[in-house]
Amino acid sequence: MSQDSRYETVIGLEIHTQLRTRSKIFCGCPNQFGSAPNTQICPVCAAFPGVLPVLNREVLNMAIKTGLALHGQIRLYNEFARKNYFYPDLPAGYQISQFELPIVEQGELMIEPEGSPRKRIGITRIHMEVDAGKNLHEGIQGASWVDLNRTGTPLLEIVTEPDLRSAAETGAFLKKLRSIVRYLEVCDGNMEEGSFRCDANVSVRRWGATQYGTRAEIKNLNSIRNVMRAIEFETDRQIDRIENGEKVIQETRLWDANQNLTRPMRGKEEAHDYRYFPEPDLPPVQLDPARIEAIRATMPELPDDKFARFQKDYALSDYDAGVLTASREMANYYEIALRASPADPKSVANWVTGELLGRLNKEGLEITQSPVQAESLGALTAMIHNNVISGKIAKSVFAHMFEHGGTPQQIVAEQGLSQVTDQGAIEAEVDKILAAHPEKIAQYRAGKNQLLGFFVGEIMKATRGKANPGVVNELLKNKLAP
Ligand code: ADP
Ligand code: ZN
Ligand code: MG
């Protein structure tokens with residue numbers, strides 16, 4: 001199957017981000033993953049009769065932070081709502097969420113999909129809600145377990161406008177959003193473990209059509225790669241249906257990563273009627289604008305601002321600035337390296353995005369696990385800048401640091417790699433090489449200019465790459481002049 005260019009894909013996302021608070025949203029139980037079943041619960045978690053929820057103020061702060069980072073309107077008066085449904089992992093019989101008056105509305109996120117211009121994606125709303133427990137179906141014959149540890153985990157649901165138009169844009173959006181929640185330290189952004197979960201609403205329409213097509217909502221997407229694959233599959237599936245004269249049905253579908261397809265889960269007729277109403281056990285949230293300003297003042301520099309500053313202060317390309325601000329850790333690494341080599345921001349950027357990231361990717365390591373410290377990479381760049389070593393030798397020093405540790409100063413000293421800039425020493429080598437190739441000198445003087453490279457190469461070989469290339473070139477040109 002292939003994408004049909006007569007159709008356009010339309011995508012809107014609903015993202016559940018699990019907040020990294022110490023305690024749960026409505027009680028004092030620890031907000032912790034991986035404990036033995038039903039050990040992180042209390043009567044509020046288990047919804048005993050008569051218990052009352054109390055809102056964790058940190059959840060509110062994180063919701064405001066996220067709203068500000070996404071340039072949303074913070075609703076000073078917002079309220080919780082009860083979303084009623086039955087499921088064994090939901091002992092209360094309802095989920096506390098927000099409905100008509102969510103805490104954030106009308107935000108936006110700018111994305112930079114590879115090879116396309118920057119694009120604005122609207123954020124419809126962000127609301128606070130509580131997670132349910134988990135049903136476990138393994139390890140017992142003909143029965144299921146219920147683990148309520150996850151009950152009470154605070155979530156932010158972030159809903160986008162149907163502004164995305166391709167799998168690539170959606171991938172760029174999710175990467176950017178994940179980077180922001182990580183910058184803010186509100187969520188660890190781990191899709192595999194389910195702390196950053198995305199449902200994708202997908203529809204197709206003929207190019208130029210003004211109405212949206214009927215959408216399917218796809219669940220069970222546990223990586224950005226899977227979200228992108230599911231969108232591609234779903235686009236083709238819907239186009240095939242339309243081309244065959246069938247209708248796209250509004251339904252919820254599940255992504256099957258093993259078989260690379262989506263399958264129906266439930267249709268519209270099975271859709272719940274949640275009977276939302278304002279949550280009677282919690283007072284509406286009334287925010288003081290001063291609180292919002294206080295939170296704004298504590299916000300870290302976010303990727304877009306960092307991107308602009310890196311371009312302005314360090315004259316970096318879009319590409320370099322994009323890679324270097326993709327995560328807070330990456331940006332920190334770069335700026336620490338730069339302190340050791342302040343005169344050369346472009347070279348430091350090249351070393352980080354090229355040699356270092358290339359090697360880290362190959363070894364499957366994160367920037368935080370780099371065996372080469374930022375200070376050392378900066379020192380290495382400075383040594384090239386100051387003509388202590390050539391770029392070529394720097395690569396071998398880098399490889400040595402990556403594999404065996406050490407600082408570039410140490411390695412260069414121990415292995416005697418310092419560049420030879422002494423005019424007399426280099427001249428002796430130049431004379432030796434020239435004496436060995438009288439025929440090539442004649443050819444050069446007869447107009448075969450490219451032989452200069454040959455001579456340079458021979459001299460570098462003879463000096464094990466340590467001769468300063470500038471001095472070598474200078475000497476050669478003088479001596480070869482007719
Ligand atoms: P619901 O609450 O039933 O899921 P919403 O109107 O809140 O419905 O929409 C949820 C998501 O679906 C939003 O992200 C929105 O952008 C997206 N969406 C709505 N209509 C379409 C469509 N025709 N094609 C793709 N996505 C859509
Ligand atoms: Zn509890
Ligand atoms: Mg939905």
Side-chain angles (χ1 to χ4, degrees), residues 7-16 21-32 35 38-48 51-56 81 83 85 91-92 95-100 102 105-109 121-127 129-133 147-154 157-167 169-170 173-174 177 197-206 209-219 221 227 230-231 234-235 238-239 242 247-253 265-268 270-274 276:
Y7 287 86
E8 172 178 57
T9 312
V10 173
I11 304 136
L13 304 176
E14 293 160 274
I15 299 120
H16 287 90
T21 53
R22 282 177 44 217
S23 51
K24 291 183 177 181
I25 184 171
F26 296 128
C27 66
C29 292
N31 177 23
Q32 227 173 53
S35 313
N38 297 311
T39 56
Q40 312 288 322
I41 63 172
C42 71
V44 174
C45 295
F48 281 19
V51 295
L52 283 176
V54 178
L55 179 60
N56 178 344
K83 182 178 181 181
Y85 66 96
Q95 178 191 25
I96 300 182
S97 180
Q98 295 194 297
F99 189 53
E100 280 174 339
E105 288 165 315
Q106 294 176 45
E108 65 175 35
L109 181 68
I121 305 300
I123 305 289
T124 316
R125 55 189 271 140
I126 303 176
H127 65 251
E129 63 183 25
V130 61
D131 210 349
D147 175 9
L148 293 181
N149 281 349
R150 198 176 68 178
T151 312
T153 302
E157 179 169 345
I158 303 171
V159 182
T160 80
E161 292 290 303
D163 287 346
L164 295 156
R165 290 292 176 271
S166 66
E169 284 186 14
T170 306
F173 177 90
L174 286 170
L177 182 64
R197 308 195 281 270
C198 166
D199 300 339
N201 296 271
V202 181
S203 65
V204 299
R205 62 175 172 183
R206 284 283 197 158
T210 48
Q211 302 272 36
Y212 290 134
T214 304
R215 73 180 198 263
E217 181 180 12
I218 307 163
K219 290 186 178 290
L221 301 165
V227 174
I231 289 169
E234 195 54 27
T235 298
Q238 293 183 14
I239 292 173
I242 295 170
K247 279 209 161 69
V248 175
I249 303 162
Q250 182 168 340
E251 62 184 349
T252 302
R253 300 178 68 88
M265 178 176 140
R266 57 170 183 255
K268 200 182 181 184
E270 298 158 65
H272 298 287
D273 177 358
Y274 294 118
Y276 278 101

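Index from 1, following the sequence. Counting starts at 1 for both ligands and their atoms, in listed order.
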salt_bridge([X], [Y]) N-O dist < 4.0 Å:
| X | Y | result |
| --- | --- | --- |
| E251 | R253 | yes |
| E8 | R165 | yes |
| D131 | R197 | yes |

Taking the six-membered ring of Y212 as reference, does the NZ or CZ atom of R205 fall below 6.0 Å from its centre and within a 45° cone about the axis?
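So R205 doesn't make the cation-pi contact.
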Is it the case that K83 places NZ or CZ above or below the six-membered ring of Y274, under 6.0 angstrom from the centre and within 45 degrees of the axis?
yes
For ligand 1, which atoms sit closer than 4.0 Å to a heavy atom of [X]?
| X | result |
| --- | --- |
| V159 | 13 (C), 14 (O) |
| E161 | 16 (O) |
| V10 | 24 (N), 25 (C) |
| Y212 | 23 (N) |
| G213 | 23 (N) |
| L13 | 14 (O) |

For the backbone of [Y] and the side chain of [X], can you confirm whether one donor and one acceptor N or O come within less than 3.5 Å of each other?
| X | Y | result |
| --- | --- | --- |
| R150 | A132 | yes |
| K24 | N149 | yes |
| N201 | I11 | no |

So is there a nitrogen or oxygen of S203 less than 3.5 Å from a nitrogen or oxygen in ligand 1?
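Min N/O separation from ligand 1 is below 3.5 Å for S203.
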Taking both backbone and side-chain atoms of I11, is any N or O found less than 3.5 Å from an N or O belonging to ligand 1?
no
Contact partition for E14 relative to ligand 1, non-hydrogen atoms under 4.0 Å
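Under 4.0 Å from ligand 1, E14 contributes side-chain atoms alone.
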Pick whichever of T252, N201, I121 has a heavy atom sitting closest to atom 11 (C) of ligand 1.
N201
Judged on heavy-atom distance to atom 18 (N) of ligand 1, which of R125, Q250, R215 sits nearest?
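Looking at heavy atoms only, the winner is R215.
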Do V10 and V202 come within less than 4.5 Å of each other through their side chains, counting heavy atoms only?
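Heavy-atom side-chain distance check fails, nothing below 4.5 Å.
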The Zn ion (ligand 2) as vertex, arms to SG of C29 and SG of C45: angle to 10°?
110°
With the Zn ion (ligand 2) at the center, what angle do SG from C27 and SG from C42 span, rounded to 10 degrees?
110°
